[in-house]
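In what follows, a single structure is set out as structure tokens and then discussed.
Below, chain A is the first sequence line, B the second, and so on; all start at residue 1.
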Protein chains: 4
Amino acid sequence: MNSILTNDEKKKRKRSTILDAAIKLYSENGFAETKVAEIAKEAGVSFGTVFTYFNSKEELYEAAILEPLEEIKPYFIEIEERFKGEPLEIIKEMIDCHVQLFATRSEYLRLIQQVLARPERFPKLFKELDAFVKSFIDCIYPVIEAGQRLGYFYEESPSLIAESYLSILNGMRLTFIDEYTNMVWKDITRQALRLFGPISNI
Amino acid sequence: MNSILTNDEKKKRKRSTILDAAIKLYSENGFAETKVAEIAKEAGVSFGTVFTYFNSKEELYEAAILEPLEEIKPYFIEIEERFKGEPLEIIKEMIDCHVQLFATRSEYLRLIQQVLARPERFPKLFKELDAFVKSFIDCIYPVIEAGQRLGYFYEESPSLIAESYLSILNGMRLTFIDEYTNMVWKDITRQALRLFGPISNI
Amino acid sequence: MNSILTNDEKKKRKRSTILDAAIKLYSENGFAETKVAEIAKEAGVSFGTVFTYFNSKEELYEAAILEPLEEIKPYFIEIEERFKGEPLEIIKEMIDCHVQLFATRSEYLRLIQQVLARPERFPKLFKELDAFVKSFIDCIYPVIEAGQRLGYFYEESPSLIAESYLSILNGMRLTFIDEYTNMVWKDITRQALRLFGPISNI
Amino acid sequence: MNSILTNDEKKKRKRSTILDAAIKLYSENGFAETKVAEIAKEAGVSFGTVFTYFNSKEELYEAAILEPLEEIKPYFIEIEERFKGEPLEIIKEMIDCHVQLFATRSEYLRLIQQVLARPERFPKLFKELDAFVKSFIDCIYPVIEAGQRLGYFYEESPSLIAESYLSILNGMRLTFIDEYTNMVWKDITRQALRLFGPISNI
DNA sequence: TATGAATGAGGTTTCATTCAT
DNA sequence: GATGAATGAAACCTCATTCAT
């Protein structure tokens, strides 16, 4: 029954439908080549309605980047709260979690890359993402240091390690196009881990 | 005579000026948000002249991707011809070469990423790049195998190693925005190398 | 309420305003030399509105040809239903009707001629007109035959008579430029009739 | 041998090649949809050369109309000098001559119709053609009068007869698209003649 | 609140014409 | 005289946004 929903809930739901359509289409076609009319169609609303919930195409793009970012943040900045054990264990679990996250939300990763590729075009969003990266590094820094002290990780600048890790996450989205299947992502995880320390197969 | 250049040479030179302007602007602004008028201005020619040398905006984009690709190809598919020594040495030199290459041509790498991010939008170009990646893997495969036999490299699928290497190359372009300076790229090289085998600092 | 008209009626009306403007300007200036902006201005709507109702300039041209054709058709293919009496009477009335029709809609006749003059440029429209001509001949054929049996008409191929009749209708639009006045068209009618049989003045 | 030609002759010949190409293409595609480059190609010269012989596209169009007009004129204004015998004979021969003329030069007739259809667009050319029509009427007028006096022709305004004759000539170009073959044109001639007087078969 | 017709700025592309070689 | 590269005005068309219903 639709009628069980309050008005507010209905509105939230419609807003969310539109946002999901936007994420899908922006990620597939980029900002410029996505038409508001298409988003409306994908969301099953008239395109006037899109402007009821978002003031402009640009604002919708920002929401499409920033709102999922909030959902994803915990997995990157609550490292020690989420992943327990030895540093190596923590990092292993973290990588597993991240790879799985982007395997299921690869379209969102694409969106992020669009912003990273054009800092001057999307300054506000870029700043947000940059801050996010910095927070991640701050969070993971002590873990890496601890791992280095225990001799598990390379004696390398923890920032570099963290950044190269983000690089490989980003890059894999580009390289392994549609093969983000269960089969490969265990492998990917292993390779990502090797940026931290010398990990042989088991 | 205005110069010693023949007519043909002048034409080639003008074409190249336009292509360079296109590479710069396409890489900065993407295909859709780059205006042909801007390319013309950047190249210092009139608007219509762009269409004298390239039939359409799309064709110019293709040329901007494919022509530099030809220049870059040798560094990826003549591995054993170019880089000599032990497998570890070969890979080291190769990574150095590639990182330096993309440090100086980071704008071109951005172009490639635009295509990789949208295979359906640029099918022809994507196919070309995909073939390029496959050739690279074919070339590097025996080197990795040799390195594995000598115990330098991880006992990992050579394809996976090669692909994760390409991932980190691509990803680093996104992560280390404008810091591709001399200082960091030695570090980057080191991290890339760690995808092949367990490399400690020296 | 601004008016009693429903939304749908208003849309139809606007579409029709644009179509009329198009017929006028296309007939005066031809397809290529008519600018969509001019049509919009003539119709009193903005530029973009034209494209709300017609997908392209070409489609608008097709509508400008085909829609009035439907209105005109009955006068050419319902000969025996519309015009009564002896064959001679039927033909007389028919010619009268046609001449008057084209006197009032001379601009539309001009449009038709543009298509007839360029079958390869407008294949779809040409086919339509060609079919129309054939239907007309089919309809008038028995009337001419009957007239021939009664000795009123020349013993000539009815198709030839019909086609020469259409020729003179078309040709007169070109020859008697703006003189399609009441004065001359009785005369024109008489001359057209003489293609059917030997008609003296009365 | 080309070398037998004087320079002047060569130039004339090239000019004529271009003009013929122009007549062909203008008649097929109209003024606006014919590109100078196409004319050049058809004529086998570079398109800069077209502008060596004609100052503009418009001027070339005018030449394409006016120069063949001079060739055709004699057949329309030297009626009594060319065609001998009784008025009926004169008219018969004239019609024969004209139909044959336009059968072989139907493309030129198409050009004329383009101008007749747009007097305001081509005022200069239209005036020229209008004068031509008037001259024709002047020339044929006495012949018709004579025929009327002899009882061969309808007691109709000779101008009307002449104009309706021109109408059918023009119209037949539109109606009998590509069937201007030997078979039909005897028939067409007969129908045209019937605008003058009551002519039975044979 | 939801709709979608109206708007017009802005982009790509064509093509006549110029002019240096 | 012949060529064809350069130019830029002008046209079509798209699409974000507004706003009346």
Side-chain angles (χ1 to χ4, degrees), chain A residues 7 10-11 14 31-40 44-60, chain B residues 1-3 5-8 10-11 14-15 18 32-40 43-60, chain C residues 1-3 6-8 10-11 14-15 18 32-40 43-60, chain D residues 7 10-11 14-15 31-40 44-60:
Chain A
N7 251 1
K10 266 200 254 173
K11 272 164 65 178
K14 192 168 266 188
F31 176 78
E33 294 189 51
T34 301
K35 290 158 227 158
V36 175
E38 284 170 0
I39 294 172
V45 300
S46 104
F47 78 83
T49 305
V50 174
F51 288 95
T52 309
Y53 291 88
F54 302 91
N55 287 316
S56 70
K57 187 184 175 185
E58 195 101 17
E59 207 174 297
L60 175 54
Chain B
M1 292 293 142
N2 270 336
S3 86
L5 296 172
T6 67
N7 248 2
D8 251 33
K10 265 202 258 173
K11 271 170 67 177
K14 189 164 269 184
R15 190 181 181 283
I18 294 170
E33 294 190 51
T34 302
K35 290 153 234 156
V36 176
E38 285 170 359
I39 295 173
V45 301
S46 108
F47 188 98
T49 303
V50 174
F51 289 95
T52 308
Y53 290 88
F54 302 91
N55 288 318
S56 69
K57 186 184 173 182
E58 193 102 16
E59 204 173 301
L60 176 52
Chain C
M1 291 295 141
N2 270 337
S3 88
T6 66
N7 247 2
D8 252 33
K10 265 202 260 174
K11 270 170 68 177
K14 188 163 271 183
R15 189 181 182 284
I18 294 170
E33 295 191 49
T34 301
K35 289 154 234 157
V36 175
E38 286 169 359
I39 295 173
V45 301
S46 105
F47 185 86
T49 303
V50 174
F51 290 96
T52 307
Y53 290 88
F54 302 91
N55 287 317
S56 69
K57 188 185 173 182
E58 194 102 14
E59 204 173 300
L60 176 52
Chain D
N7 252 0
K10 268 201 254 172
K11 273 163 65 178
K14 191 167 264 185
R15 189 182 181 285
F31 177 77
E33 295 190 51
T34 302
K35 290 159 228 158
V36 176
E38 284 171 1
I39 295 173
V45 300
S46 104
F47 78 83
T49 306
V50 174
F51 288 94
T52 310
Y53 290 89
F54 302 91
N55 287 316
S56 69
K57 186 184 176 185
E58 194 101 17
E59 207 173 297
L60 175 54

Euclidean distance, atom [atom1] of residue [X] to atom [atom2] of [N] [Å, nearest integer]:
X	N	atom1	atom2	answer
D/N55	E/dA16	CG	C1'	13 Å
A/I39	F/dT17	CD1	P	11 Å
C/F47	F/dA11	CZ	C1'	8 Å
A/K57	F/dT14	NZ	P	15 Å
B/K10	F/dA5	NZ	C1'	10 Å
A/E33	F/dC15	CD	P	10 Å
A/E38	F/dA16	CD	C1'	13 Å
C/K14	E/dG4	NZ	C1'	12 Å

For the side chain of [X], starting at C-beta, report the closest nucleotide among [options].
X	options	result
D/T52	F/dA6, F/dG1, F/dC12	F/dG1
C/K35	E/dT17, E/dT7, F/dC12	F/dC12
B/F51	E/dT13, E/dT3, E/dA5	E/dT13

For A/K57 and A/F31, indicate whether the former's side chain and the latter's backbone hold a donor-acceptor pair under 3.5 Å. yes
Both A/T34 and D/V50 contact DNA chain F. Which one's nearest nucleotide lies toward the 5' end? D/V50
Taking all atoms of both residues into account, what is the closest heavy-atom pair of [X] and [Y], and its distance?
X	Y	result
B/E38	B/E33	OE1-O, 4.3 Å
B/A32	A/A32	CB-CB, 3.6 Å
A/V50	A/A40	CG2-CB, 3.7 Å

In Å, rounded to the nearest 0.5 Å, how long is the span from CZ of C/R15 to NZ of C/K11? 10.5 Å
Here the gap from A/E59 atom CD to A/F51 atom CZ, rounded to the nearest 0.5 Å, amounts to 10.5 Å
Hey, which sits more toward the 5' end of DNA chain E by its nearest nucleotide, D/A32 or B/V36? B/V36
Between C/Y53 and B/A37, which has a closest nucleotide on DNA chain E that is more 5'? C/Y53
Under the side-chain contact (heavy atoms from CB on, under 4.5 Å) rule, what do B/T49 and B/K14 come out as? Steps first, then yes or no, please. CA-CA 9 Å; B/T49 303; B/K14 189 164 269 184; 4.2 Å; yes
Can you check whether B/S46 has a side-chain N or O nearer than 4.0 Å to OP1 or OP2 of F/dT7? yes
Bracket string, DNA chain E, 5' to 3' - pairs by Watson-Crick or G-U geometry under 3.5 Å, | interstrand: .||||||||||||||||||||
